[in-house]
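Some notes on the structure that comes next.
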Amino acid sequence: MSDRDGLIWKDGEMVPWREANTHVLTHTLHYGMGVFEGVRAYDADGGTAIFRLEAHTDRLFNSAKIMNMPMPFDKETLNAAQRAAVRENGLKSAYIRPMVYYGSEGMGLRADNLKTHVIIAAWEWGAYMGEENLTKGIKVATSSYTRHHPNITMTKAKANGAYMNSMLALQEAIAHGCHEALLLDSHGFVAEGSGENFFMIKDGVIYTPDLSAALDGITRKTVFQIAKELGYQVVEKRITRDEVYIADEAFFTGTAAEVTPIRELDNRPIGCGSRGPITAKIQAMYFDIVHGRSAAHEAWLSRVTK
Ligand SMILES: Cc1[nH+]cc(COP(=O)(O)O)c(CN[C@@H](CCC(=O)O)C(=O)O)c1O
């Protein structure tokens, strides 16, 4: 990722990609206290647009507040910087990574003289789990790792160090021949994927876990609105892994994952064993919205050329 042409926004200015470096004694590199976002820009009708930019930036600031990290820039500055990162790299579509971190001003857990830094990078990133899996669906395994308890790692913050749990779970799932992991919470109920929120459908009703052990996903919120507009009820409830086994459909949502159908869990086909009909409708409407084909949701698009 480091050896490419382009520009990265770093602490208020655009720097050449290869020069966007940090010292090996950067505090966040050692202790993992940092926060980040995953945001997508789409090649939309009417010009490249970032999807729900303000919501992502709001969450970045909330994550920083939860981690007690002072933010050195305001929201509008970071919104403009994200638009610039896409525009000045000449990207028509992009994955954007804002990240807030402590620098190399000090070491140790006391952290009393550290400075908060912000970078924003953008690059081309296609379908998170492969184009064909948006139709075929993915294979998922219930993880042997437990999702964070809200009093161990703050689950409403998108915090760097929390993703060791995600990486361990995902690597385990891949080692077992699957595409993704489904993590249970500390009570054994379904929480979310390693980098996605979880939904299942049974008898025409859409279910999803509450947010006590899951990130408050922006795609999740979007799917709630899409479901409402399509006339489907969404129920937040405790979900057990065996309810998923006998569900009619299941899917993950996330900025990277978009709407990814789940075709099996723990070697048990879910419903028809590929993308279900309601999942297909939700996915199609999601892609219409992010590509600027839904006038009703134009407010969710931030054009990068403005
Ligand atoms: C743990 C987790 N849960 C749910 C979500 C969905 O949130 P949202 O994107 O706001 O709908 C994400 C986003 N995962 C990001 C990081 C992926 C990565 O590989 O890094 C993403 O989808 O960009 C999570 O990381």
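Values in this document were obtained by computation on a predicted structure and should not be read as measured data. In listed order, ligands and their atoms are each counted from 1.
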Select the closest option to atom 11 (O) of ligand 1 among V223, V39, T219, judged by heavy-atom distance.
-> T219
Should Y102 and Y31 be marked as a ring-ring contact (aromatic ring centres under 6.0 Å, His included) after you check the CA-CA gap, both sets of side-chain angles, and the distance that decides it?
-> CA-CA 10 Å; Y102 280 135; Y31 299 107; 9.9 Å; no
Do we see a donor-acceptor contact under 3.5 Å between the side chains of R147 and S166?
-> yes
State the atoms of ligand 1, each with its element, that fall below the 4.0 Å cut-off from a heavy-atom position in R59.
-> 7 (O), 8 (P), 10 (O)
Compute the minimum heavy-atom distance from S194 to ligand 1 and say whether it is under 4.0 Å.
-> yes
Which protein heavy atom lies closest to atom 8 (P) of ligand 1, and at what distance to 0.1 Å?
-> I218 N, 3.5 Å
Considering only the protein, which heavy-atom contact is closest to atom 3 (N) of ligand 1, and what is its distance?
-> E192 OE1, 2.6 Å
Report yes or no: do M107 and L114 belong to one cluster of Ile/Leu/Val/Met/Phe/Trp/Tyr joined by side chain heavy-atom distances under 4.5 Å?
-> no
So, is T253 polar-close to ligand 1, with some N/O to N/O distance under 3.5 Å?
-> no
Which is closest to atom 21 (C) of ligand 1 by heavy-atom distance: F36, F51, Y95?
-> Y95
Could you find the nearest protein heavy atom to atom 1 (C) of ligand 1 and give me its residue, atom name and distance?
-> R147 NH2, 2.9 Å
Of all the heavy atoms in R40, does at least one lie under 4.0 Å from an atom in ligand 1?
-> no
Quick check: are there more than 12 heavy atoms from other residues, nucleotides or ligands sitting under 6.0 Å from CG of N267?
-> no
Around atom 9 (O) of ligand 1, find the nearest protein heavy atom and jot down its residue, atom name and distance.
-> T255 OG1, 2.7 Å
Nearest non-hydrogen protein atom to atom 18 (C) of ligand 1, with distance, is Y128 OH, 3.7 Å
Check if K158 has a non-hydrogen atom at a distance under 4.0 Å from any atom of ligand 1.
-> yes
What residues, two or more places apart in sequence or in another chain, satisfy side chain to side chain donor-acceptor pair (under 3.5 Å) together with S104?
-> none
Is the count of non-hydrogen atoms from other residues, nucleotides or ligands lying under 6.0 Å from R110 atom CZ greater than 12?
-> no
Subset of ligand 1 atoms that lie under 4.0 Å from at least one heavy atom of A256 = 21 (C), 22 (O), 23 (O)
Side-chain H-bond candidate by donor/acceptor type, S194 with E180, under 3.5 Å = yes
Mark up the atoms of ligand 1 that fall under 4.0 Å of a heavy atom belonging to G217, in ascending order.
-> 7 (O), 8 (P), 10 (O), 11 (O)
Who pairs with K136 by side chain to side chain donor-acceptor pair (under 3.5 Å), at least two apart in sequence or on another chain?
-> none
Identify which one of K221, R59, K158 satisfies the side-chain hydrogen bond (donor to acceptor under 3.5 Å, both in side chains) criterion when paired with D216.
-> K221
Compute the shortest N/O to N/O distance between D216 and ligand 1 and return yes if it is under 3.5 Å, no if not.
-> no
So which of Y42, F51, W123 actually passes ring-ring contact (aromatic ring centres under 6.0 Å, His included) with Y95?
-> W123
Can you tell me which residue and heavy atom of the protein come closest to atom 20 (O) of ligand 1, and the distance to 0.1 Å?
-> R97 NH2, 3.0 Å
Looking only at protein heavy atoms, what sits closest to atom 25 (O) of ligand 1 is Y163 OH, 2.6 Å
At what distance is the nearest protein heavy atom to atom 12 (C) of ligand 1, and which residue and atom is it?
-> G195 O, 3.2 Å
Are Q82 and S302 linked by a side-chain donor-acceptor pair shorter than 3.5 Å?
-> no
